[in-house]
Every structure is written in C-alpha cells, then in structure tokens.
Asks: 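Got a structure for you, written out below as structure tokens; questions coming shortly.
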Amino acid sequence: GKAGDCSSIDNPTIGQPCCARYNNDGYFYRGEIVSIPQPDTVEILYVDYGNYGVLPQASIRQPKPHYLALPAQAVNCRLANIRPVGSTWSKRASTFLFQMTKDKPIAAIVT
C-alpha cells in the first residue's frame, strides 16, 4: 500500500523490518533489510513475496507495529531430489515448471 504516514529510516541495519517501495508499481510492501551495499542504498527481501530489490534508502519506511503482527508469507523451499542438469536451471525448464504449477494447489511436506 501507500506509506505516506510512516516515518523514514535514518540508520538502517541488516535484519531490520521495513516497508519498501516496489519499483514496478510504486507501492510499499513489507520487507527486511538484508544488506547495505553502499551508503544510502539498501538491499531488501520482500518478505511476503520472496524477491529482492536494491533501493535508495529514501524508498524505505519504518513499519507500523500492526504490519509486523503477521509472519512473513514467503517461504524458502525446494523440490526434494530435483536438480538441474548443469549448474543452473534452463529457461525452458523454469517455464515448464511454472506452467505445470501455476494456479494449482500444491501439497508440501515440511521437514
């Protein structure tokens, strides 16, 4: 959403929760600061989606306490015993997996 009423973060620290602007739509989403690659720049993990972004420090805000009540919705996971033929997945394999799983219920076993 919009974060106009949230305060800026003057001294960001790694691991700090924040609201971070997403460049594609301009809205703010829950995030965590994962690195500070250079002064006035932060790398963010968007905790509800699992993607990363590098932003100017001016694009992050202090979250209000009620935004921190819900746990992160993105969960790091992998397919058991499935590995790419080379060192990385091909675009074709990634597209195939996406098409096979998009908008379909998926069961998971958490170990």
Side-chain angles (χ1 to χ4, degrees):
K2 298 292 182 186
D5 61 340
C6 294
S7 59
S8 62
I9 296 176
D10 295 326
N11 296 306
T13 58
I14 294 172
Q16 182 176 11
C18 64
C19 291
R21 186 182 306 272
Y22 185 58
N23 290 330
N24 288 5
D25 63 12
Y27 286 102
F28 283 81
Y29 297 92
R30 296 189 318 154
E32 179 182 321
I33 299 169
V34 294
S35 75
I36 303 170
Q38 51 189 308
D40 298 324
T41 304
V42 293
E43 182 181 12
I44 300 296
L45 166 62
Y46 292 94
V47 299
D48 296 319
Y49 296 92
N51 57 316
Y52 292 84
V54 176
L55 308 168
Q57 184 178 325
S59 293
I60 61 172
R61 300 285 185 273
Q62 183 67 45
K64 296 202 173 194
H66 65 272
Y67 291 129
L68 302 175
L70 184 68
Q73 300 298 292
V75 178
N76 190 13
C77 62
R78 62 189 169 114
L79 299 172
N81 303 313
I82 305 293
R83 301 200 192 322
V85 173
S87 60
T88 61
W89 291 101
S90 69
K91 179 70 174 164
R92 183 174 174 216
S94 297
T95 300
F96 177 78
L97 179 63
F98 177 76
Q99 290 171 342
M100 294 297 295
T101 57
K102 182 180 181 212
D103 298 325
K104 296 183 178 136
I106 297 174
I109 298 173
V110 179
T111 58

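Worth knowing before you read on, the calculation uses all heavy atoms, side chains too, and leaves out hydrogens, waters and symmetry mates.
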Asks: State the CD1-CD distance between I14 and E43, to the nearest 0.5 angstrom.
Replies: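 Reported value, rounded in 0.5 Å steps: 9.5 Å.
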
Asks: Which is it for V34 and V42 under the side-chain contact (heavy atoms from CB on, under 4.5 Å) test, yes or no, and what are the steps along the way?
Replies: CA-CA 8 Å; V34 294; V42 293; over 6 Å; no

Asks: Under 3.5 Å, side chain of Q99 to main-chain N/O of F96, donor-acceptor pair present?
Replies: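 No.
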
Asks: Would you please test I33 and I44 for side-chain contact (heavy atoms from CB on, under 4.5 Å) and show each step?
Replies: CA-CA 5 Å; I33 299 169; I44 300 296; 3.8 Å; yes

Asks: Do the side chains of Y29 and L55 join up, straight or via other hydrophobic residues, at under 4.5 Å, putting them in one cluster?
Replies: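 Result: yes, single cluster for both.
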
Asks: For T41 and P37, indicate whether the former's side chain and the latter's backbone hold a donor-acceptor pair under 3.5 Å.
Replies: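 No: the side chain of T41 does not pair with the backbone of P37.
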
Asks: Backbone N or O of Q73 within a donor-acceptor pair of the D48 side chain at under 3.5 Å?
Replies: yes

Asks: Is it true that L79 and W89 fall in one hydrophobic cluster, defined by side-chain heavy atoms closer than 4.5 Å?
Replies: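 Both belong to a single hydrophobic cluster.
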
Asks: Are Y22 and Y46 near enough that their ring centres are under 6.0 Å apart?
Replies: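 Yes.
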
Asks: Would you name the heavy atoms of L68 and P63 that are closest together and state the gap between them?
Replies: CD2-CG, 3.8 Å

Asks: Scan side-chain atoms only and decide if N51 and Y49 contain a donor-acceptor pair under the 3.5 Å cut-off.
Replies: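 Y49 and N51 do not have a side-chain donor-acceptor pair below 3.5 Å.
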
Asks: With rounding to the nearest 0.5 angstrom, report the CD to CG distance, Q57 to D10.
Replies: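 Answer for the CD-CG pair, Q57 versus D10, is 7.0 Å.
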
Asks: Test side-chain contact (heavy atoms from CB on, under 4.5 Å) on I9 and Q16; report intermediate values, then the result.
Replies: CA-CA 10 Å; I9 296 176; Q16 182 176 11; 3.8 Å; yes

Asks: Sub-3.5 Å donor-acceptor pair from the side chain of R30 to the main-chain atoms of Y67, do we have one?
Replies: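 A pair under 3.5 Å: yes.
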
Asks: To the nearest 0.5 Å, how far apart are SG in C19 and CZ in R61?
Replies: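 Spacing of SG (C19) from CZ (R61) equals 9.5 Å.
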
Asks: Do S7 and Q62 come close enough that some side-chain heavy atom pair is under 4.5 Å?
Replies: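 Yes, at least one pair of side-chain atoms sits under 4.5 Å.
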
Asks: Is there a donor-acceptor contact under 3.5 Å from the side chain of R21 to the main chain of S59?
Replies: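 Flag not set: sc R21 to bb S59 has no pair under 3.5 Å.
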
